[in-house]
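Below you'll find the structure, written out as structure tokens, and then a few comments.
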Amino acid sequence: MYKKILSAVNEHLNSVIAARYALNISRACGAKLYLCFVAEKGMSAPDIGKAEDAMQRLFSEAREMDVQVQSISTTGQPAKEIKEIVKKEGIDLVFVSARRADVERRFYRATTAREILLKLPCSVALTRVVNMGRTHPGKILIPLKARIDHVHERAYFTAKMAEGFNARVFVFHAPKPVTSFFHGEIELTQMEWEKRMPGDITDFMDHITKYGIDIEGRLLPGRVARTITIEAAAKRHGLIIMGATGRNLLSSLLRGNPVERVLRETTCDLIILKPVHKDDK
Amino acid sequence: MINNLAREEVFRFLVTSEQGLAEDEAGKRLIESGPNEITGVKKISWLKRFAGQFTHFFAILLWTAAGLAFISEYLHPGEGMFTLGGAILGVIFINGIFTFIQEYRAEKSIEKLMLLLPFFVKVIRNGKEDEVPVRDIVPGDVILLSEGDRVPADSRLVDSNYLMVNNSSLTGESEPVPLSSKPCKGELIESGNIAFAGTTVLSGSGKAVVFATGMGTEVGSIAHLTSGVEAGSSPLQKEIVKVTRIIAFLATVMGIVFFLIGHAVGKSFWENFIFAIGIIVANVPEGMLPTVTLALAMGSQRMARKKALIKTMTSVETLGSVTHICTDKTGTLTQNRMEVKKVWTMKKKESEVDGEGGVLPPLQNNDVTMLMKVAYLCNNTKIVEGKSKGEPTEVALFNAAAPLFKDPGPERVFEIPFDSDRKRMTTVNRVNGSVLVFTKGALESVLPLCASIFADVKEIPLDGPMREEVTAACNSMMDQGLRVLSFAYKEIEDTGRGVSQYAPTDSNLESDLVFAGLIGIEDPPRPEVSGAIIKCHEAGIKIIMITGDGNRTALAIAREIGLVHDGALVIEGHEFSKMGDRELKEKLLQKEVIFARMTPKHKMRVVTVLKEEGARVAVTGDGVNDAPALKKADIGIAMGITGTDVAKEAADMILLDDNFATIVSAIEEGRGVYENIRKFVSYIFASNIPEIIPYLAYVLFRIPLPLTIMQILAVDLGTDMLPALALGAERPSKELMKQPPRDPKERLLTAKLLGRAYLFLGPVEAAAGLFGFFYVLMSGGWEWGNMPALNDPLYMQATTACLTAIIITQVANVFACRTFRESVFTIGIFSNKLIFPGIALEILLQLFIVYHPWGNRIFSTSPISAGIWLLLIPFAIFLFAAEEGRKLITRSIAKKGQ
């Protein structure tokens, strides 16, 4: 599915860590890795130097890991340039690191991250780096909503990421609590919850199992974003992979945006995946 | 992981160098990573939570009623609707404020976690040493650590000069942990080259590279869990929501139905409207919530007298519904007063220590003297103001051995501190010109290092059968509940290279040792614990011991205190870590389960799994990393003596004496509180019937309204409150701790309770009320069909008589509701000291309503003669006698059933 993977590198340490995720999945997929640095107009010479150093380091690391790698350095507006490269090279997946500005702005509006997420014609993995010490996640948390699209690509991405790090995968669903008017919230045991596992999630788990990855599923009712970050912190997950939000601005304003909240509150690294590959029939 | 990397790779990985970051780079990284501070998660503001108390379903219903009353006053002035509207608003505010008081709890755990970080940190930037505020630390910063420093952020050691840290703020284990700069395999949290934010440097110095700051650190993760974990509503809160919704629904339906009936029988819209509002007000037990809150407050005061300090009021009742207690062993089940009980040497075998308090008498036996010498010198206990201070196990060894060795001890030249992974410590001492190595630790850690054994003042080779004998002796002592330590020594050559010759990497230091013997230390169980455990078993509460001790010691102690019998399942920490949730759930279903060799971080998982299976869990804890489990549990119990501030802030209850038996007393009190709530709910609900029936009679039989809405509120929010509170102070009955925990599905309002209140007690009160009303009306010459004016003195006297009848029968009802099955005479008429003052105040309030002009004006009453009071008293006597008769029948049926 992923033959060509691109990772955007810049002068920030976050982008280097994000690129290492790209490196590992490239190795697991047997894909070619493109390291791409776009120098923006007005960028200082020391910053350009740092970014170029980072490119060199990552290039060497990729070679050490036997990953086929190519460096691309150019100038211009990052989102636009990356889009051009994606089209020209036929890139399947782009890794880009979330910056603090992306995290702090509501709905990361008017940020490069948002532009890349929305405009690239390929799949995008927006990476938020929180802990630079946990470079190899041993446990990966996959929060899923009841209805998901691109099941096959999500499963492939997750499986390859797990393979890259030799990690275990934990699928997690935070449904709304069961309530009735007179009884308020009705408490269900974990067994009772597990019987309510949505079909799409079961389908997703079946796909992951096909790749030979160790997987566990779990449901815990509660407020979605908070339940996800609590689960990740309590079970010491090293990485969360979740889908990009499907909610528009108005819907996010009215119903909240769990992805944005997880992005802000997570205590471990997070990858927000925007898949584009249609499911095989 | 960063702990796996070699020194140079660490710099390369975090894009930094020996010279540290440049200032401008540090500034840029600060913009990207954010300040290094513990913030917790964003919570719903207290203002929003306060507003929530006035916008839920029931409140909206009351707002609507108040609004309609004000509209009614505007359109039909002079019918008292303005006062009614005001009264309903009063009800909304009283209920809202009381609920908010119950739910609101100041969150201070995060503040305490923030205090773990220092204010300033020594860093290397641009190749120079500098001191910067802790919030400016960024990933890639090279920090300098020395004795007494608190670590500012999670960092990887790149240089270590005998650096020792105290990780107790994270792990709960207070023994010093040596840190080196060498790569380590395995989990980051267990790594020997990582200094974690919030921990303290005990000795030595080092240089480290920061890799995580703020909420990305381990302590940040604890803060996230502590502030983000929601224990959910307490069982009582859930019950109250259910009760109010059911009542509100019933009241509304009744209001609408009788509005329509009134319309059908030809009453005017406004008459029907007043009636509908009246029926809603009469149905809603307005005084219930304030009474519940006050009863919980009284319960928490009683618990405080028993040394259980309650922080969240609703926890009082939650305690009563607990099904599982996950408890620590040391200090909670035991006294944390370690004493040397037994020694074992190859020659003398196992022998008791006869001295008082584990102190050895002067010894003639040289083998034991050698053993005690190792225990004395391989020991960090200090004498401060004449008292031994240190880790309790070491203090016990020191106290036992010190009398044998009068001098302060030979010079200590080197130490490898105790490490929970290595499970041993080693010291090097200069004794009479010789250099000796002394090692103590767990048998499995020390015995493999020994090549010979000290027996009869000789060092003889340690062969296979001897090793087996030592292991058997150790097992035998552990089976007696003793914590067993093994001791070894050897003499080494002094090469004259100073301390460097004893570097911890020198494996020769801890090899070819001479095994000296074993010492068994006892931590005696608290004497009251066995009784408390029996009580728990009778009460159907499962106790799960979670301890850091080995499985044999844990099992022996558990047997001694009666916690387990044969066939108990013991799960060790390493097995626990490998277990999936499903397997753990199955294991937890076993009747008797003990967790041994566990660390505090495992607790949260045990609590989570139990809660997911529908258990109501109480958990004890004292360390910082116990805080998430304390928050997650239904009842988090922090230790008052040994607990950290963070644990105390995260807990719902603090044990002032750290004693397990106090938990059981608190549970008993909690069960009592729930029973008492049911008692006063019966009492309050019984008075709803004499409030509703007059309204029904008013519509159905076209009689004057026997009780006004304000008079209903006088009962619900006035006269009923103090006797109800007195019922909240009833002592727990003896049977309470012989019943299993309350089924979570059991409702506060059961059919039995409602039947008793609505079909038995209530109708008697209604009959009294209507009798009083018609007696006064008819005595004054009223004839059926006449509708007197609202300000007619006769009518006002009649409603006053109705109200008085309700009050008089409610006095009898207080006594009736003191028990469900027992006769009141059995528990003692005077056994609850608050009942009589409560009744006295109830009557005083009624006298004010009936005879004071202000009372008359507010409640539209008029004074009545003493004769009417006397006429109503037989109804009260009948109610009490009938209830005693019912209880007698219930008891005899139950007896026959047995």
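By convention in this document, chain letters (A, B, ...) are assigned in the order of the sequence lines, proteins followed by strands, and residues within each chain are numbered from 1. Everything numeric in this text was worked out from a predicted model, so none of it was measured.
Heavy-atom pairs under 4.5 Å with chain B peak, among A:Gly238, A:Ala233, A:Cys268, A:Gly138, at A:Ala233. Of the listed residues B:Gly580, B:Gly614, B:Gly216, the one with more heavy-atom pairs under 4.5 angstrom with chain A than any other is B:Gly216.
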Where do B:Arg156 and A:Met132 land on the side-chain contact (heavy atoms from CB on, under 4.5 Å) test, with the steps shown first?
CA-CA 11 Å; B:Arg156 161 68 203 270; A:Met132 293 172 186; over 6 Å; no
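For chain A, the nearby part of B:Arg29 is the side chain; its heavy atoms alone come within less than 4.5 Å. In this structure, the portion of A:Asp47 lying under 4.5 Å from any heavy atom of chain B is its side chain and not its backbone. Contacts between B:Leu5 and chain A at a heavy-atom distance below 4.5 Å are absent for every atom of the residue. With a 4.5 Å cut-off on non-hydrogen atoms, B:Thr608 touches chain A through its side chain but not through its backbone. If you measure heavy-atom distances from B:Arg582 to chain A, the contacts under 4.5 Å come from the side chain alone.
Between B:Phe13 and A:Ile17, some side-chain heavy-atom pair lies under the 4.5 Å cut-off. Looking at heavy atoms from C-beta onward, A:Lys50 lies in side-chain contact with B:Lys28 at the 4.5 angstrom threshold. Using a 4.5 Å heavy-atom cutoff, the side chains of B:Met604 and A:Lys235 are not in contact.
Side-chain N or O atoms of A:Asn131 include none that pairs as donor or acceptor with a backbone N or O of B:Ala212 at under 3.5 Å.
Partners of B:Glu37 by side-chain hydrogen bond (donor to acceptor under 3.5 Å, both in side chains), not counting sequence neighbours, listed by chain and number: B:Arg135.
The heavy-atom pair separating A:Leu13 from B:Val15 by the smallest distance is CD1-CG2, 3.3 Å. Closest approach of A:Thr267 and B:Ser221 over heavy atoms only: OG1-OG, 4.1 Å. Among all heavy-atom pairs drawn from A:Ile230 and B:His224, the shortest one is CD1-O, 3.8 Å.
Pairs engaging residues 11-22 of chain A under the side chain to side chain donor-acceptor pair (under 3.5 Å) rule: A:Asn10-A:Ser15, A:His12-A:Arg99, A:Asn14-B:Glu32, A:Arg20-A:Glu61, A:Tyr21-A:Asp269 [sequence neighbours left out].
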